[in-house]
Structures are given as C-alpha cells and as structure tokens.
Asks: 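Next up is a structure, given as structure tokens.
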Number of protein chains: 2
Amino acid sequence: MTDVKQQAEAVADVRRDQMLAAAARLIAERGFSDTRIADVAARVGASPALVIYYFGTKDSLLTEALRWSERSFYAAVEEMLQETTALRARIENLVDACLPASQDVPDDWGLWFDLWAQAFRHPEVKKDRAQLDDQWRALIARVVEAGEAAGEIEAPDVEGFTVMWAALLDGLVVQVALDDPVVDRGMAKRVALAVAVKELGLS
Amino acid sequence: MTDVKQQAEAVADVRRDQMLAAAARLIAERGFSDTRIADVAARVGASPALVIYYFGTKDSLLTEALRWSERSFYAAVEEMLQETTALRARIENLVDACLPASQDVPDDWGLWFDLWAQAFRHPEVKKDRAQLDDQWRALIARVVEAGEAAGEIEAPDVEGFTVMWAALLDGLVVQVALDDPVVDRGMAKRVALAVAVKELGLS
DNA sequence: GCCCATAGACTGAACAGTCAGTCAGGACCA
DNA sequence: TGGTCCTGACTGACTGTTCAGTCTATGGGC
C-alpha cells in the first residue's frame, strides 16, 4: 500500500467518520426515522449524493451510525475505567457512565431507544448489540473480579450479579431518560449503587 | 344523550377500538414509522380515508395506539393479580406478565421500544408513560404491602424495592426481547425472582 | 519537466415511488 | 331532510437514489 493510497483512504475514512458522527447526533436528536440523508449531508457540508456514495443506502448509514455510537460509548467507559482501581470508585464510575451529570449530553439517550427498536427487527443490529452487551457485562465482571482479587469483597456470584446489575442499569436509564418524576437521576444513582453494595457485600 | 346518539357512538367506539388494536399490532410487528394508515385500514377492512376520518392524523392514531396498548397491558396485569393472594405467587405472576411463556406474543415487546422512543421526544407521550409507570410501581407496592400485612414478610423498604425492581424488570425485558444469548427468558425470570426474594426477605 | 490517462471525490438536477391527507359525493338511518 | 359513516380517486409534498459529468491530483511514459 502506497502513501498515496493511504492518504486517499485517510480522506475517505475521515469523511465516513464525520458522516457517522453527524448521523448519530441527528438520530439522537430527531429519531432514527426522522433523520434524512439531506440533514446528514448538510451537517458535514456535502451533497446528499456523497452520502450515498459512501454508504450506498440510507439504512446502511443509519445502522452503521448506531453501531458506531454504541462502540464509542463502550470504548469511552473502558478508558474511564483505567483511571481508578478501588472497587467502589469503579462501580461509581460505571454508574456515572450510564447516568451522566445533569445537562451533559441529554439527548444521547435517545439513541438507545432507537438502537433497541432497530435491533428488535433487524438481525444484524441485534447480533451486534448482543455482542456489545456481552462486552459490557464482561467489563462489569472484570471489575468485580478485580475487587475480589484485591480482597475488597469475598466470593461474589459474578455471573448472577453481572446480569442482574447490567439489566438494572438499563432499566434505570430508561426511567431517567424519560424524565420519570419519581426516578430522577439522583435516585437512580442511589439505587444502582445501593444494590451493588448490598449484592457484592461491599463495606 | 339519546339512545340514537349512544348507539351511534357505540359503532364509532367499536371502530376506533378495532383501529387502535390493529395499529398497535402493526406497530409491534413493523415498527412505529413503518406503519402506514393504509395497513391499518386494510386490517379493519376499511378505507384509509376512514381512518383519517376517525383520528384526523396518522400521528394521532399511532400515539393513541401506543397509549391504548400500554393501558391494556396494565389492565390485564391488574386482573391477573386478582387470581392469587400469596405474595410469592403474585410476584411470580408479575414476572410472568413481563416475560410471558415462549412463543406467546413474541413481537408485543417491540411496542415498548417504540413507546420509549416516542416518549423520549414527545412530551404528551412522555407524560402518559410516566403516569402509567407510576401506576405500575403502585401496583407492585400494593402487592408488597399486602404481603407485609399478611405477615409473609417484615418491614420491607417498599419504595426502594419498587423503584429498583420495576427498573430491573424493564432491563431484563430488553435483554430477552432482543434475544440476548446469555440472558434468555429462563435466566431473566430466575434473576427477577431471586432479587425479589432476597430484597423482600421472603422464605 | 511536460502531458495524458486514470481514479477517486464530489455535485446538480432529475427521477420515481410512496403516502398522508383532501374532497366531492354516496349510502344508510332516523 | 339532515347527520353519521364511509369511499374512490386524486394530489401534493417529500425524499431516497440515480446519473452524467466536473474537478483534482497522482503517477507513469516520454
């Protein structure tokens, strides 16, 4: 592969990334089916035809954007996790990742709903989501096991806890994202933390 | 209000209900934005114009269908609950209501995702959903309190449990609905039940 | 160093299909 | 006769996708 080719691919890759990012943003803001390729094109300063040139079809662009966005989220969490070692701090970090501080990226949550709706009906998206969710649970499991290895907790039921707690976080995110008047951000965090502490036998 | 008027309304109400049911079914099968008024009309053996005649706009029909469907679900659960009195049996009933046996209405779940996605962006739907979710939690709370009154459990943290367990069920439903290879129906039920038993201090 | 062929990036304009919603009027009933 | 229920035919707007062709630059042949 020559330098030229590399550079050409770099341009294309940059463009693709811009478009995926723009599409993800728009999906979050307006919803999957209300996102037009013209909107995406406008955001990256290109013509609609160029978007098709890169992605072939609208659907391909949007589903790729969903997966791209989900992958970004997990990557960010993974990185965030490097910064702490204490079990409790890490658990708190995970909670914060799912339920970020107030006005911080409020409509990113909309993406999850669209992702789920798409995954429900499209096997490819479904497969991808399942795989990423598995990674997510594996990450939680690693955190717990590290805590055990460090002697912070004893003999946890890693798999049981992982499945339960991951589901709990999802459910809490739903409530908070939908502005449930009872389950606000603060309560959701408290609940998630309390359950983790209790189930893991943390001090 | 005359008999005539009453009868006329009865006809209209029947039609409306047929249309709402058909719309709900279609949304579950194909998704909110892929549901056409022509499809709904075809299912009830009417013309698209008649659907508009009753609901004015497509959006009005579909969002009403979502709310109608959610209301039906809670009503069904409420009724199902009358049939048992023992706390554990009731808890199991609640779990079964959310995670019904195998092939039983497999695509009804799709509705939840669309409902959430709509609620996220449309205040009216959001308000409705929050209210119904509050009812749902109140129902769980009633079950727990009845169990306490009957001496089956002691001094439960009703609100804490309610919020936590409702969220947990939501999260588990997501996994199961999306065919997660790790979290299948059986595991989801076990997890939901185990958490309830442990948190409530059931035998 | 010049020229030309080739490929990739990109666009404007047009096309084609889809659908929500309109409208004028028909049928039935009290 | 008037009101409710209902329809077929139509339309107007939207928008994904195609296409023919432009522009740029790279790289090889001379």
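Sequence lines set the chain letters: A, B, ... in the order given, protein chains first and strands last, and positions in each chain run from 1.
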Asks: A:Asp180: which residues meet the side-chain hydrogen bond (donor to acceptor under 3.5 Å, both in side chains) condition with it, sequence neighbours left out?
Replies: B:Arg129, B:Arg137
Asks: Sequence neighbours excluded, which residues qualify as side-chain hydrogen bond (donor to acceptor under 3.5 Å, both in side chains) partners of A:Arg142?
Replies: A:Glu78
Asks: Scan nucleotides 10-16 of chain C against the protein and return all N/O pairs shorter than 3.5 Å with their distances rounded to 0.1 Å.
Replies:
| unit_1 | atom_1 | unit_2 | atom_2 | d |
| --- | --- | --- | --- | --- |
| C:dC10 | OP1 | A:Arg15 | NE | 3.3 |
| C:dC10 | OP2 | A:Tyr54 | OH | 2.8 |
| C:dT11 | OP2 | A:Ser47 | N | 2.9 |
| C:dT11 | OP2 | A:Ser47 | OG | 3.0 |

Asks: Please name all residues satisfying side-chain hydrogen bond (donor to acceptor under 3.5 Å, both in side chains) with B:Glu148, sequence neighbours left out, ordered by chain then number.
Replies: none
Asks: Which side-chain hydrogen bond (donor to acceptor under 3.5 Å, both in side chains) pairs, counting each pair once, include a residue from residues 39-51 of chain B, with sequence neighbours left out?
Replies: B:Glu29-B:Arg43, B:Arg30-B:Asp39
Asks: Applying side chain to side chain contact (heavy atoms under 4.5 Å, CB included), name anything that partners B:Ala138, two or more places apart in sequence or on another chain.
Replies: none
Asks: Where is the tightest heavy-atom contact between B:Pro156 and B:Val144, given as atom of each residue plus distance?
Replies: CG-CG1, 3.7 Å
Asks: Tell me, please, which residues at least two apart from B:Asp184 pass side chain to side chain contact (heavy atoms under 4.5 Å, CB included).
Replies: B:Met187
Asks: Which atom pairs, donor and acceptor, lie under 3.5 Å between side-chain atoms of residues 64-74 of chain B and protein residues at least two apart or in another chain?
Replies:
| unit_1 | atom_1 | unit_2 | atom_2 | d |
| --- | --- | --- | --- | --- |
| B:Glu64 | OE1 | B:Arg16 | NH2 | 2.8 |
| B:Glu64 | OE2 | B:Arg16 | NH2 | 3.3 |
| B:Ser72 | OG | B:Trp68 | O | 2.8 |

Asks: Reading DNA chain D 5' to 3', what string of ( ), [ ], | and . shows its pairs, if Watson-Crick and G-U wobble pairs count only when both distances fall under 3.5 Å?
Replies: ||||||||||||||||||||||||||||||
Asks: Taking only the side-chain nitrogens and oxygens of A:Arg36, find out if one of them lies under 4.0 Å from OP1 or OP2 of D:dC14.
Replies: no
Asks: Any residue in residues 57-67 of chain A with a heavy atom nearer than 4.0 angstrom to DNA chain D? Just list them by number, or reply none.
Replies: A:Thr57, A:Lys58
Asks: I need the CG-C1' distance between B:Asp34 and C:dG17, as an integer number of Å.
Replies: 15 Å
Asks: What is the distance, to the nearest angstrom, from the CD1 atom on B:Ile52 to the C1' atom on D:dC10?
Replies: 15 Å
Asks: For A:Lys189, enumerate each residue passing the side-chain hydrogen bond (donor to acceptor under 3.5 Å, both in side chains) test, keeping only those at least two apart in sequence or located in another chain.
Replies: A:Asp96
Asks: Without placing hydrogens or testing angles, list every side-chain donor-acceptor pair under 3.5 Å for residues 160-174 of chain B, not counting sequence neighbours.
Replies:
| unit_1 | atom_1 | unit_2 | atom_2 | d |
| --- | --- | --- | --- | --- |
| B:Thr162 | OG1 | B:Val158 | O | 2.6 |
| B:Trp165 | NE1 | B:Ala192 | O | 3.0 |
| B:Asp170 | OD2 | A:Gln175 | NE2 | 3.0 |

